Structure formats: C-alpha cells, structure tokens
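Residue numbers begin at 1 in each chain, while the letters A, B, ... track the order of the sequences. Everything quoted here is computed from the prediction, not taken from an experiment.
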Protein chains: 2
Amino acid sequence: MNKVLPVMESCSSCPIRHRAVCARCDEDELEQLNQIKFYKTYTAGQTIAMRGDALDVVASVVAGTATLERAIEDGRTQLVGLLLPSDFIGRPGRDTLQYDVTAVTDVTLCCFQRKPFESLLIRIPHVQERLLEMALDELDAARDWMLLLGRKTAREKIASFLMLIAKRTVHPDGQVLGDLSRIELPISREAMANFLGLTIETVSRQFTGLRKDGVIELDGNRSVRIPDLETLLLESGDDSDGGPLI
Amino acid sequence: MNKVLPVMESCSSCPIRHRAVCARCDEDELEQLNQIKFYKTYTAGQTIAMRGDALDVVASVVAGTATLERAIEDGRTQLVGLLLPSDFIGRPGRDTLQYDVTAVTDVTLCCFQRKPFESLLIRIPHVQERLLEMALDELDAARDWMLLLGRKTAREKIASFLMLIAKRTVHPDGQVLGDLSRIELPISREAMANFLGLTIETVSRQFTGLRKDGVIELDGNRSVRIPDLETLLLESGDDSDGGPLI
DNA sequence: CTCTCGCATTGACACAGATCAACGGAGGGT
DNA sequence: ACCCTCCGTTGATCTGTGTCAATGCGAGAG
C-alpha cells in the first residue's frame with residue numbers, strides 16, 4: 001500500500017481536488033473541508049456498499065479500482081460505472097444508493113459525512129456548481145456507453161474499452177502516468193464482460209482476435225501493449241474526427 | 001395545436017415548474033424567470049439541434065416528444081434520451097451539445113437564453129440544487145437503461161419500454177393523465193429499435209409475440225392496451241419487489 | 001516440488017436476433 | 001377513384017454471440 005501514499009498526500013491538501021472540485025477553494029474553505037474528511041480502505045473483493053443502503057457518506061477514490069453495478073435476480077449483471085482514482089461516489093441530496101459498489105482491487109477512499117458536506121455546499125456554492133458539472137460529465141459518459149451497449153460489435157466494444165482505459169491512464173493533473181502504449185487492465189475478464197454486455201468467452205475470443213491481427217500485444221492477462229493507438233481507435237468504431245486522441 | 005394550450009398556461013406561471021424546479025420559488029423569483037423566457041415550436045421530424053451546435057439556450061419540453069440521439073458515421077444510431085413534456089434540454093455550464101435533438105411530433109419548448117439563466121442561478125441557489133437533482137435522476141435513468149441494453153432480451157426490452165411509457169403517462173403534478181392500461185406510443189418502430197438496441201423487424205416480432213400471449217392488445221400501431229400491468233412488469237425482467245408499480 | 005484453485009483460453013454447437021426480401025395497409029395528393 | 005409513399009408486418013435464412021464443456025496456466029499453500 002506504500003505506493004498510494006503520494007496520492008493521499010495530494011489528497012490531504014484538498015480532499016477532492018482530483019477532479020478539481022476545489023480548484024477555486026481558498027485556504028479557509030479547504031480547511032473546512034479537511035475538518036470533516038476521513039480515509040477508509042477496503043480490500044480487493046470487498047463490498048463497499050449495496051443497493052438500497054443508506055448513503056451517509058460521499059467519497060472520492062484515492063487509490064484502487066471499484067465498480068458500480070446493477071443486477072437482476074437471475075444473476076445477470078451490468079457494470080454501470082468504473083470508479084478509478086479521482087472519481088466521486090455518492091451524491092448530495094440522495095439518501096439511498098441505487099447500485100452495488102465493490103472494490104475490485106484494494107481501495108482507499110477519502111470520505112465525508114454527507115450531512116456536514118451538504119451544509120458546507122450551501123456555504124461554498126462553487127463546489128455545488130462543480131458537482132453539477134461532474135454529474136453532467138458522468139451523464140455524457142453513461143450515454144456514450146449506451147451507444148456502445150446498444151450498437152457496437154463485440155470487437156468494437158473491446159477496442160472502445162481499451163481506449164477508455166488508455167485515456168484514463170493519466171494523472172488527474174493532466175500528466176500522463178506512464179507510456180500510453182502499455183496499459184494495465186484494472187478489472188478481470190468477468191468484470192469486462194459485465195461492463196460491455198458480453199460473456200467472458202466472447203471477451204477472451206476478441207482479445208485473441210485483436211492480438212492475432214496485431215492490434216494489441218498481451219503480456220500476461222492484465223497488461224496490454226498497443227503498438228498503434230490510431231489503429232485501436234479505428235477498431236473502436238468511434239468517430240475519428242475532432243480533437244486529439246487523448 | 002389547441003390542446004397544448006392548457007399546459008402552456010401552467011407553464012406560464014412558472015416556466016419550468018414541470019419538474020418542480022421552481023417549487024420553492026417566491027413571486028419575485030418567478031417574475032425574474034418569466035422575464036427571460038420565450039416559447040419556440042417545432043414541427044414533427046424537424047431537427048431541434050445537432051451535435052456540436054453551440055448551445056445558447058436551455059429549455060423545458062411543454063408539449064410533444066423529442067429524442068436525443070447519438071450516431072456513428074455508418075448509420076448506426078442509439079437513442080440516448082426520450083424527451084417528454086416536463087423534461088429539460090441543455091445544461092448550464094455547457095456550451096456545446098453532445099447529441100442530436102429531433103422533434104418526433106410537433107414540439108413546444110419553453111426556452112431561456114443560457115447566459116441570463118446562469119446568472120439567475122447564482123441569485124437563486126435552490127434552483128441550482130434542483131438542477132443537480134434532475135441531472136442525478138437522468139444519470140440513474142441512463143444507468144438503468146445500460147442494464148437493459150447490455151443484459152435484457154428483446155422481449156424484456158419491449159416490455160420495459162412499455163412500462164416506461166406507462167409510468168410517464170402521468171401529469172407532472174402526479175395526477176394520472178388517462179387510463180394507465182391504455183397507452184399511446186410516442187415514437188415509431190424505428191425510434192423504438194434505436195432506443196432499445198434492436199432492429200425494427202425484431203421490435204415488430206416482439207410486439208406480435210406479446211400480443212399473441214395476451215400480455216398486450218394493439219389498437220392500430222400507436223395505441224397499446226395493457227390488460228394487466230403486473231404481467232407486463234414480470235415480462236420486463238425488472239425486480240418486482242419494493243414500491244408501488246407507478 | 002506438487003497440488004489445488006481461480007481465472008483465462010479454446011472448441012463445438014445452439015440460438016436469439018440480424019439481414020434480406022416480399023407483402024400489406026393507412027393516409028395523402030392529384 | 002387511383003397511385004404513391006411510408007411504415008409496419010411477416011417469412012426465410014444467416015451469423016455473431018451465447019452456452020456448454022474441456023483444457024491451460026499462474027499463484028499460493030503445503
């Protein structure tokens with residue numbers, strides 16, 4: 001757990017700075033936020049919260065990966081969100097959770113009791129504004145995912161997922177963490193299947209297909225090298241126009 | 001267009017009351033909102049806005065149905081939102097649109113110039129709060145739809161869609177508009193297919209299937225009678241536990 | 001070192017839904 | 001009345017992905 005410390009360090013100066021919630025906070029406001037924050041850690045596989053639970057905290061992911069999922073009784077499961085460092089969990093103004101939250105690796109959360117956090121929002125309106133912006137970003141992401149789930153082929157789904165992970169392999173402050181052409185998959189084949197609306201077998205087959213076609217190279221199960229990001233983008237079925245790749 | 005007037009009437013007292021944005025507005029605040037609002041109408045089939053357009057207004061649907069959709073170049077299209085009366089279009093803080101907005105029937109919008117609306121938000125913070133709440137509602141809806149797109153069968157998708165329309169066949173103030181067991185489909189088979197991630201042929205076949213099994217009765221193409229809502233819910237694959245049907 | 005256990009891969013086959021194609025029926029213009 | 005067009009339905013067939021089953025493989029325990 002040592003390697004997460006630097007991130008926690010940065011977190012301690014402003015608890016949810018990762019997504020620039022507090023970009024405009026002054027010293028006094030930061031101090032107020034710091035007073036109500038605390039850290040909590042979970043081990044891989046542990047349930048963080050379940051659907052229907054009372055939601056008395058909001059939190060931001062400091063380290064590790066968690067999933068947000070929705071299931072039907074017969075076992076079918078859909079991953080509706082992938083929570084990577086800097087992502088936000090829980091909502092002011094909501095008192096129950098709609099989804100199951102699970103730690104897929106060891107996870108460190110920076111938490112706030114919801115009630116004090118909400119009162120703070122009233123005093124610091126630009127944080128409220130920022131929360132709306134974050135919610136709208138998530139809404140856009142969810143809608144893009146709807147296009148993927150409803151209209152893309154298995155191969156395009158895998159390519160899109162790899163692009164997503166590549167894009168997220170950057171530090172919150174904008175710096176690229178490592179070589180983009182080598183990414184570490186944060187989740188298992190099963191979680192990917194549930195994220196993409198596929199089965200593990202199909203996920204596996206598509207990985208082999210992309211490997212045989214030279215689009216990706218596999219190094220173990222969790223490490224993927226991407227010789228050419230542009231080729232992968234082409235495979236993802238997304239519009240290639242407009243804007244830089246990352 | 002005569003029949004929409006009553007709704008516009010109610011809208012004129014508070015422009016976006018439909019989703020209770022202004023539930024807590026006092027007379028003065030309502031007056032401020034009324035000063036910057038105006039109405040705009042579109043005819044069936046007309047494009048309201050396209051992806052990438054500058055977004056200089058926000059609006060609420062007063063009458064009619066519009067769709068929010070995302071497409072890839074090869075023609076594949078996914079409907080990412082269905083806009084019924086009381087729904088909100090456009091976002092404060094965003095200046096371009098991410099999706100195509102199309103009127104599928106004649107549509108009346110109650111619009112606000114975005115900039116004045118945003119300045120108003122600063123002066124009326126509880127409206128900002130309400131916007132966050134609305135965004136989170138939409139996020140939940142989008143995530144539920146992800147489960148449908150990724151994991152449900154064609155029959156379940158159709159049943160879920162019918163349940164959604166049945167649920168929305170209520171007046172914003174909570175009163176049921178008509179008999180819930182008879183619903184009018186607001187969109188064509190093609191739009192349904194794009195909403196559910198299916199083809200028109202499959203949509204058609206599932207309708208016939210549900211009709212033959214006595215789950216629904218069809219009266220023309222756009223009118224559906226539901227003898228037993230509970231049966232339909234069962235077909236939709238949703239958890240039947242918890243809460244009233246509507 | 002070997003045994004196990006959990007995850008991933010691969011193969012054979014089945015099937016839901018897509019695709020291709022023909023037909024029907026309502027509405028609107030002339 | 002007629003035709004024409006658009007939309008929906010139905011049928012025949014194809015195919016991508018799911019299902020079932022066997023095998024591989026790395027990590028941790030003993």
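- Within residues 214-222 of chain A, no residue has any heavy atom under 4.0 Å from DNA chain D.
- A salt bridge does not link B:Arg91 to A:Asp140: none of the charged side-chain nitrogens sits closer than 4.0 Å to a carboxylate oxygen.
- Around the CD atom of A:Gln98, the shell of radius 6.0 Å holds more than 12 heavy atoms that belong to other residues, nucleotides or ligands.
- Going from atom CZ of A:Arg189 over to atom P of D:dT17 covers 17 Å, rounded to whole Å.
- Across the protein-nucleic acid pair, A:Leu185 atom CG and C:dC7 atom P stand 16 Å apart, rounded to whole Å.
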Step-by-step side chain to side chain contact (heavy atoms under 4.5 Å, CB included) determination, B:Thr47 to B:Asp100: CA-CA 8 Å; B:Thr47 297; B:Asp100 300 327; 5.9 Å; no
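- Note: B:Leu79 CG to B:Ile187 CD1 = 6.0 Å, rounded to the nearest 0.5 Å.
- When rounded to the nearest whole Å, the span between CD of B:Glu190 and P of D:dC6 equals 12 Å.
- Relative ring orientation between B:Phe195 and B:Phe161 is described as perpendicular, the plane-to-plane angle rising above 60° on a 0-90° scale split at 30° and 60°.
- Closest non-hydrogen pair, B:Ala135 versus A:Ala135, comes out as CB-CB, 4.3 Å.
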Per-nucleotide protein contact string for nucleotides 15-27 of chain C, where B marks a base within reach and S marks sugar-phosphate only (heavy atoms under 4.0 Å, - for neither): --SSBB-------
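- Considering all non-hydrogen atoms of both residues, B:Pro186 and B:Leu82 come closest at CG-CD2, 4.5 Å.
- Using modelled atom types, one finds a donor on one side chain and an acceptor on the other under 3.5 Å when comparing B:Glu184 with B:Ser223.
- Rounded to a whole Å, the CD1 atom of A:Ile200 is 8 Å from the C1' atom of C:dC7.
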